Amino acid sequence: MATHVSVGNIHDLYLSGQVYRGQDSWSSGFNFRANSFRDLSWSSCVSKSLKSERCGCYSRGVSSSNESLKLSIRAASSSSTTKYYDFTVIGSGVAGLRYALEVAKQGNVAVITKDEPHESNTNYAQGGVSAVLCPLDSVESHMQDTMVAGAHLCDEDTVRVVCTEGPERIRELIAMGASFDHGEDGNLHLAREGGHSHHRIVHAADMTGREIERALLEAVLNDPNISVFKHHFAIDLLTSQDGLNTVCHGVDTLNIKTNEVVRFISKVTLLASGGAGHIYPSTTNPLVATGDGMAMAHRAQAVISNMEFVQFHPTALADEGLPIRPQTARENAFLITEAVRGDGGILYNLAMERFMPVYDERAELAPRDVVARSIDDQLKKRKEKYVLLDISHKPREKILAHFPNIASECLRHGLDITRQAIPVVPAAHYMCGGVRAGLQGETNVLGLFVAGEVACTGLHGANRLASNSLLEALVFARRAVQPSTELMKSTRLDLSASEKWTRPVVATARSLGEEVMSKILALTREVRRELQGVMWKYVGIVRSTTRLNTAERKIAELEAKWETFLFEHGWEQTVVALEACEMRNLFCCAKLVVSSALARHESRGLHYTTDFPFVEESKRIPTIILPSSPTTASWSSRQLQNISSTTSLI
C-alpha cells in the first residue's frame, strides 16, 4: 500500500509498515532537480546513530585488556554452536571478500557463505568492471552515462563517488593478482558496452567475475584472521531494540552439511549476500540467489528501496534455439554478455530482420531496459520464443579471443558462434533495489552494513548501467571499512549474550516424521515453481496495475496455502530447513517487488507499466518500503528469533 508521510526523523519511518512515495515523504525544501536519494532525513541520522550508545551484546569503550578480550573471543569461538567474531560477513562475492580482506587488518573475521565460496553472482559476471582509465574518457562522462541509464533516479553523490574511486579499486585488484586483458600496446584492453559513451570496461575475456573471485578468494584463504564457513545458510539476523534503534548483533546460520544451527555473535555485520533472481523461473543467477539478505534485512527492520527495478538481461542463451538442446533444464540461464553487442553484435528476429533501430536510435547499444523491452515486444508480436544475436560477421580469431566461454558453451550444443547467430531471450538478472544504504554502506540498523547487489546505494537508479555492479561492490566494500573498524574498536562483546535469543530448531524426518517431511518438501518445491510463474506472468518486463494486483492476490493465497500446510503438520515459528527458509525469503522478496511496483505510478527505467506509460518528473524519487509490524506479518516477513529476555539487553 502506498502512502505519503511527512518525515521529520528517522524513527518516524518505523511506525507505519508502509510503502511510500511522493514529495510529502521527504524533508521540506525537496528539490527534484537536486540529489533526491539522500534528502530523506534517515541518512544523516544513521551516521549519527552509529556514534551513539550501543546495547545488547555490546558495552562502550575499549579497555586496556583488549588483547585478553581477543583471547577470550578466540576461546569462545571454539564452540560448535556459537561463535564470536569482531566482524561477520554474509556472502563470498566480490563485496564480501574485498571487505573481509580490509577489516581483517583490524580484527578477526567470519565469512559465511551458503555454498562453496566461489558460488556467487560475481563468479558468473562475464562482461567486466567499468572505470575511467582512458585519457579520452572522464569521470563526468561516466557519471552522465550512469544517470541516463538510471533514468535520472540515481543519487548524484553516490554516482560521483563510485565513478571517481573506481579506477583506484581496479588498480588494487591488479596489485592483488587479478589478471585482465591487455591490448597490443601493453595497456589494459577496454571494451565498450551498451549505454557507455566510451571504452571503459576492464575485462578478463568473458570470465571477468571468475578472475576477480579467484584473486580475492586466494587472498582470503591465505589470511590467518579470516575464517570461511562454507555451506552455512544465513537464517535471520540477531537484533534487539535500544529505544527506537534496532541493533544488529550477528546472525543465525544453518550448517547445511551437519543440519546444525550455528550462531555468530559479532560487533559488526556486513550483508553482501547478492540478489533474488530466483523469484523468477529463468534467471542468470546461481541457485544461491534467493533473496536471503534482502528478506533478512526487511525482517530486521531495515529500510528497503527501489525493489520494483528488476533488470532482465536482454540476452540469455535460449536453449530452445540450440541445435542440440541440453538434456536437463539448467539451474540458471547461461548469460550472453553485453559485450557481444558492444563488439558489434546485431539482433534479428527469426525472419532475419534487424529490429533494434526501430525502437531506439542507439540500436543494439541502447541500455538494457530498452533492449529487453524491444525483444519482449518482438516475441509477443511475432509469437516467437527467442531472437538471434549475430556476431559472426566479425573476425573468427577476435570472437574466440573475446568470448571463449560463450563460444565453448554454444559449441557444446552444436552452435558455432563464428558462423551462426546465437538464440537469446531475456532473463532475470539483477536487482537494482535492496537494503537502503548511505555513502559508507551504513543502514538504519546499527551495526549492519551492506554492499553489493543486496544494497540500494542509489548508484543504479531505475536501471543499472552495464558493468557498474562489480564496480559498485568494490567501492562500497572499501567505503564500509572505516566506519566498521571504528565501531568494532569502540565496542566490546558480551560473551554471555548468545542465549538471549531463542534458538531455531532444525526440522528433520525424525522430529516431524518421514512422511510429513517428504510432503512438506514436495509442496515447497511445487509452491516455488508456482511463485516463479506468477512473477514472470504478472510482474515481468511489461506490467499493468491489474496484473500487479492479480500477482499480489495470488502470492498471498499461495503463501497462505503453504504456511497453513506447514503449521498444520507440526511446523513452528522457530523451526527451520533449507528449502523452507529459501521459500520464506522468496515470498518476502516477491512481495517487496510487487508492493514497490504498485506504488510507482509512472514508467521509468526497468519498471514499465501500460497504465502509466510515461515518465513523470514529479515522481522522480525513490520508492521506500518501511518495516512491517511483526505482530501482523506472515512467517516469511517475521523474524524467527524472539529475544527471551529484553530487559537484559537494555
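Everything numeric in this text was worked out from a predicted model, so none of it was measured.
- A salt bridge is defined here as a Lys NZ or Arg NE, NH1 or NH2 lying under 4.0 Å from an Asp or Glu carboxylate O, and R528 with E579 fails to meet this definition.
- In summary, the aromatic rings of F449 and Y99 are positioned with their centroids too far apart to meet the 6.0 Å limit.
- A 6.0 Å sphere centred on CD of E168 holds more than 12 heavy atoms belonging to other residues, nucleotides or ligands.
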Run the side chain to side chain donor-acceptor pair (under 3.5 Å) test on T82 and S498 for me, step by step, so that the C-alpha distance in whole Å, both residues' side-chain angles and the decisive distance to 0.1 Å come before the verdict. CA-CA 7 Å; T82 303; S498 175; 3.2 Å; yes
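- Using a 3.5 Å distance cut-off with no hydrogens or angles, the side chains of E116 and H231 do pair a donor with an acceptor.
- Donor-acceptor pairing under 3.5 Å is recorded for the side chains of S636 and K591.
- A side-chain N or O of T146 and one of N468 form a donor-acceptor pair less than 3.5 Å apart.
- For an aromatic pair to be called close, the ring centres must be under 6.0 Å apart, and W562 with F587 satisfies this.
- Side-chain N/O atoms of T239 and Q301 include no donor and acceptor closer than 3.5 Å.
- Under the 3.5 Å distance criterion, with hydrogens and angles disregarded, a donor-acceptor pair is assigned to the side chains of T290 and K114.
- For the pair I112 and H232, the tightest heavy-atom approach, listed with the atom from each and the gap, is CG2-O, 3.5 Å.
- Checking N332 against T284 by side-chain atom types alone, no donor-acceptor pair falls below 3.5 Å.
- The closest side-chain donor-acceptor pair between H298 and S637, if any, does not fall under 3.5 angstrom.
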Determine whether E563 and R584 satisfy the following criterion, salt bridge (charged side-chain N to carboxylate O under 4.0 Å, His left out), listing intermediate values before the conclusion. CA-CA 9 Å; E563 288 192 7; R584 174 176 179 245; over 6 Å; no
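- Counting all heavy atoms, side chain and backbone alike, R503 lies closest to T574 at O-CB, 4.3 Å.
- L471 and S130 get closest at one heavy-atom pair: CD2-O, 3.2 Å.
- Of the residues E472, E213, E172, the one that meets the salt bridge (Lys or Arg N to Asp or Glu O under 4.0 Å) test with R98 is E172.
- At a cut-off of 3.5 Å, with distance as the only test, no side-chain donor of T81 or E260 sits close to an acceptor on the other residue.
- Put simply, the side chain of Q532 does not reach to within 4.5 Å of the side chain of Y280, judged on heavy atoms.
- In summary, the side chains of N225 and N108 do not present any donor paired with an acceptor at a separation below 3.5 Å, with no hydrogens or angles considered.
- In terms of heavy atoms, I279 sits closest to A590 at CG2-N, 4.2 Å.
- Residues R299 and R638 approach most closely at CD-O, 3.3 Å, considering heavy atoms.
- In plain terms, the two heavy atoms of L271 and A297 that are nearest each other are CD2-CB, 3.9 Å.
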With ring-ring contact (aromatic ring centres under 6.0 Å, His included) as the test, would you mind laying out the steps for F264 and Y84 before giving the verdict? CA-CA 6 Å; F264 290 83; Y84 298 82; 9.9 Å; no
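- Taking 4.5 Å as the limit, every side-chain heavy atom of E442 sits out of range of all side-chain heavy atoms of P483.
- Interatomic distance, NE2 of H278 versus SG of C589, reported as 12.5 Å (0.5 Å rounding).
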